[in-house]
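Here is the structure we will look at, set down as structure tokens.
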Amino acid sequence: MTESTAPTDYRSTLNLPDTPFPMRGDLAQREPGWVKAWADEGLYKRLRDARHGAPKFILHDGPPYANGQIHMGHAVNKVLKDMIVRARQLAGFDAQYVPGWDCHGLPIENAIEKAHGRNLSRDDMQARSRAYATEQIAQQMADFQRLGVLGEWERPYRTMDFANEAGEIRAFKRVIERGFVYRGLKPVYWCFDCGSSLAEFEIEYADKKSQTLDVAFPCAEPERLAAAFGLPALDKDAFIVIWTTTAWTIPANQALNLNPALDYALVDTPKGLLVLAESLVDKCLERYGLTGTVRAVTAGENLGGIAFRHPLGAVHPGYDRPSPVYLAEYATADDGTGIVHSSPAYGLDDFQSCVAHGMKVDEILNPVQGNGAYAPDFPLFGGQHIWKAVPAILDALRDAGRLLHTTTITHSYPHCWRHKSPVIYRAAAQWFIRMDEGPGVFTKDKAPKTLRQMALDAIDQTGFYPENGRARLRDMIANRPDWCISRQRSWGVPVPFFLHKDTGELHPRTMEILDQAAAIVEQGGIEAWSRATAEAILGPDDAPHYTKSSDILEVWFDSGSTFRHVLRGTHAEQHGSLGYHESGPEADLYLEGHDQHRGWFHSSLLLACALEGRAPYRGLLTHGFTVDSQGRKMSKSLGNGIEPQVVSKKLGAEIIRLWVAASDYSGDIAGDDKILARVVDAYRRIRNTLRFLLANTSDFDPAKDAVAPGELLEIDRWALARAAQFQAEVLAHYTIYEFHPVVAKLQVFCSEDLGAFYLDVLKDRLYTTAPKSLARRSAQTALWQITHAMLRWMAPFLSFTAEEAWKVFGGGTTIFTETYWTFDAGLAADQALLQKWARIREVREAVNKAIEEVRSAGAVGSSLQATVRVTAPAETQALLATLGEDLKFVFITSAASIAAGEALAVEVTPSTATKCERCWHYRDDVGHDPAQPTLCGRCTSNLAGSGESRKVA
């Protein structure tokens, strides 16, 4: 073949898509570079500059604890926050995010003790704890940034920053002034591992094995007991029988409680006369293996005040004391014997009952020390740990002949949230925040309502996402006891009190001392206050008479008060200019796991109400825990977790972000390798759609090439109307902090609206028409706007990819200074156009199905080889007729016709025409130009003539 007759390469005449945006993301390799670039370029500051003066959106960060590597739960939390902040930024808000860390408290002290022993001085513990927390923050910060989280990383807030520690003391002073703080001796949860009291929301329940025991207390006043039962006298020894699951409390027994409204029986048995709840007699006798006869019955109220003796009085004189009967409604006949033994130091109900019946606080026995052991001089069991002493207590009761029955049960029992070890109630002198009416120390500006009332009112004014969080938090506030805020540890913000050595009273200058302490801490941290002596603070005259408190404020006070000294204090220049605190809460949103209803949400609400009479947040969003595909919580012990560091190195942090966005966070969030593999597939589909858009707009200059809305082809107008409709759905979800519906709908939009329909129809026009023709520029105008919109839709969660694509698209330096795309108002409101094309797509589905059947039979190859005849009712026929000659392009066939009929029907026949080498359509005019014998008429016109005319598609 000579050169003059060589075939023409018509592929080179097509407008084939081209883009430097790669098909493969190579996320794991490329993301670290983007993270570094965002930091080096000061992207977060540029976002702030771009929104200067705009309405603010404040998501206040619930500080993670500065201890250990982040896990997938941390990743979910931080990514969700980042997505919300970015979505609000794109909505035009000055959406700020200052990350924070919780730095004081037991986990850090425990880590230091494990490394350096338990006998460190206070100064040494504080110094090592601060250094340790600093190291942990640096490690966690790097991992959070690797996830693509944008924020004030150069100046986060840390609860151990001097200004925040001082701010906490000032907040404490204000809570005192408002009348909420008092000192009391009452049972509080106590953890032996912590060596400290615990708040209600630091408790979780788990199964525990305990020894139950039925114990007989001998009667010290038989005449009174006989009279109470209407008997002249007792002819046998009499006993009242209690049932308990806490054998270790028996040595500290000081009273007995029974219900005044219940009936009690005096039962004659071989073991003596036993007092039992009448309704439980049969069960008790069966349990004891005894037979018995009821001698008499009386109401509980008749037994009040009768004295019995401690069951170990016959074994050791140290227990030879009375145990009087007190009437209390909390004694029930639900189980046991209907009588509750009372050790007031170790039970809140017991404590309140004993005090109400005249027992003085200094009369309460409290032999259990902070480490869980009985005091060394305690009779029989001195020095023994309470859990280990149980067998010895049972043996002593047996020796005394007072143990009627014992067995082992498994029951739900309070445990320490951190150590997972069982806790006890233990009476200790502590500082409390009062929930209800009562006196406080140094009250100056008493709040108009109780703390409980204010907190419940504030809940009504708060938005909850999901809504069921409202009832959960309300129930917790409605039923919680007073808040014990003091802890007996070293690493934390001090309770800067001085107590008189004789009276226990606070120094009269306490409020001034609080100001002085705050000033000292602001200059030198809590360490400076630890070094301050009583002489330096009180002067030489007062110092000998006062003891400096070594208590610290519990860690929930630290994080719960950050809204005040972070949003108004250390970072006020970012947040305070809006003046939120003048009109309402400082933060628009708090966002944490649902366990924080009893944690940070809870403590923040109480402190804000105590300080300001309202919540510190407008909205609360909760997410579930990370679990594996079987619903088991991810844990190292089970080995069922996926680590964010590993996933980022293998798949890329973008896959974590998309997984979080695609998950319904209102419940638990399931993840494993198989689930992540599906997320990778979803990412590829979105990326491929994005690549098509970028490739087909690479030669489009909107300033010169954009087509006015009224001149766009009809299907392009439909595509923009559909994109505007879709954007309205996306933004509605973003407004209420929903992401998983956006991800699901975006995949459908990419695969069905775009991939399977619009882009499929568009390819012929994009590739085969003249490069600058109206037909092609109309399509590109629509694609260019859809690309703008889509990059913004995905930017909150696919942040790396959106930014990468934005620069290829030529949009500017960063997409995150942009706002959501604005579509032409007329197109966005064109419901008739949307309805018309929805029906056309239904007909097209029927056509595709019919072609597929013929293709499966081998009669045609591609749909372009098919000739289609659609029979339809008049209304549908008229609708299709509006497409004119472009009907075949909508069906992607070489020829299409319509006819009237009663029902929709599709007839498919193979084309008998010749295939055009350039556009691959089968047409009768292929070869009409002898100079280009393999081309059809539309291709020769598009290449050298005036170009084909397209009106619809």
> Would D764 and H921 count as having a side-chain donor-acceptor pair, cut-off 3.5 Å?
Replying inline: yes
> Are any side-chain N or O atoms of R792 and backbone N or O atoms of T819, one a donor and one an acceptor, separated by less than 3.5 Å?
Replying inline: yes
> Side chains of R765 and L713: does their closest heavy-atom pair fall under 4.5 Å?
Replying inline: yes
>> What I want to find out is whether K836 reaches D830 closely enough, with some N-O distance under 4.0 Å, to be called a salt bridge.
In response: no
> Can you check whether V761 reaches Y758 side chain to side chain, under 4.5 Å on heavy atoms?
Replying inline: no
>> Ring-plane angle category for F726 and F749, please: parallel below 30°, perpendicular beyond 60°, tilted otherwise.
In response: parallel
>> Looking at K78 and D82, is any side-chain nitrogen of the basic one under 4.0 Å from a carboxylate oxygen of the acidic one?
In response: no
>> Between D753 and K745, does any NZ, NE, NH1 or NH2 come within less than 4.0 Å of an OD or OE carboxylate oxygen?
In response: no
> Does a salt bridge link E714 with K951, judged by any charged N lying under 4.0 Å from a carboxylate O?
Replying inline: no
>> Check whether T769 reaches the backbone of L766 with its side chain - one donor and one acceptor, N or O, closer than 3.5 Å.
In response: no
>> When you measure from the side chain of R777 to the backbone of K772, do you find a donor-acceptor pair of N or O atoms at a distance under 3.5 Å?
In response: no
>> Rounded to the nearest 0.5 Å, what separates atom CD in E738 from atom OG in S666?
In response: 8.5 Å
> Counting only N and O atoms by type, is there a donor-acceptor contact under 3.5 Å from the side chain of W659 to the main-chain atoms of A670?
Replying inline: yes
>> Taking the side chain as everything from C-beta on, heavy atoms only, tell me whether F625 gets closer than 4.5 Å to H594.
In response: yes
> Can you check salt bridge (Lys or Arg N to Asp or Glu O under 4.0 Å) on R24 and D26, steps first, answer last?
Replying inline: CA-CA 6 Å; R24 288 176 55 86; D26 289 330; 3.4 Å; yes
>> One thing to verify: whether R678 and D681 come together as a salt bridge, which I'm taking to mean a side-chain N less than 4.0 angstrom from a carboxylate O.
In response: no
>> Parallel, tilted or perpendicular, judged at 30° and 60°: which one describes the rings of H788 and W784?
In response: perpendicular
> Do R839 and E842 sit within salt-bridge range, that is, some charged N less than 4.0 Å from a carboxylate O?
Replying inline: yes
> Any idea how F797 and F739 line up, ring-wise: parallel (<30°), tilted (30 to 60°), or perpendicular (>60°)?
Replying inline: perpendicular
> Should D672 and K674 be marked as a salt bridge (Lys or Arg N to Asp or Glu O under 4.0 Å) after you check the CA-CA gap, both sets of side-chain angles, and the distance that decides it?
Replying inline: CA-CA 6 Å; D672 60 16; K674 289 183 179 179; over 6 Å; no
> With side chains defined as the heavy atoms from C-beta onward, is the minimum distance between Q780 and N15 less than 4.5 Å?
Replying inline: no
> Going by an N to O cut-off under 4.0 Å, is there a salt bridge joining D760 and R844?
Replying inline: yes
> Just wondering, do W38 and L150 contact through their side chains at under 4.5 Å, heavy atoms?
Replying inline: yes
> Hey, does the Lys NZ or Arg CZ of R950 hover above the aromatic six-ring of F889, less than 6.0 Å from the centre and inside 45° of the axis?
Replying inline: yes
> Under 3.5 Å, is there a donor-acceptor pair linking the side chains of E907 and T871?
Replying inline: no
> Hey, is R841 close enough to E752 for a salt bridge, meaning N to O under 4.0 Å?
Replying inline: no
> Is there a donor-acceptor pair closer than 3.5 Å between any side-chain N or O of T697 and the backbone N or O of F700?
Replying inline: no
> Hey, is E885 close enough to K888 for a salt bridge, meaning N to O under 4.0 Å?
Replying inline: yes
> Side chain of S778, backbone of L712: donor and acceptor closer than 3.5 Å?
Replying inline: no
>> Is the positively charged end of R88 above the ring of F57, judged by distance under 6.0 angstrom from the centroid and angle within 45° of the axis?
In response: yes
>> Quick one, L762 and D716 - any side-chain contact, counting heavy atoms below 4.5 Å?
In response: yes
> Taking side chain as C-beta onward, heavy atoms only, is T893 less than 4.5 Å from T867?
Replying inline: no
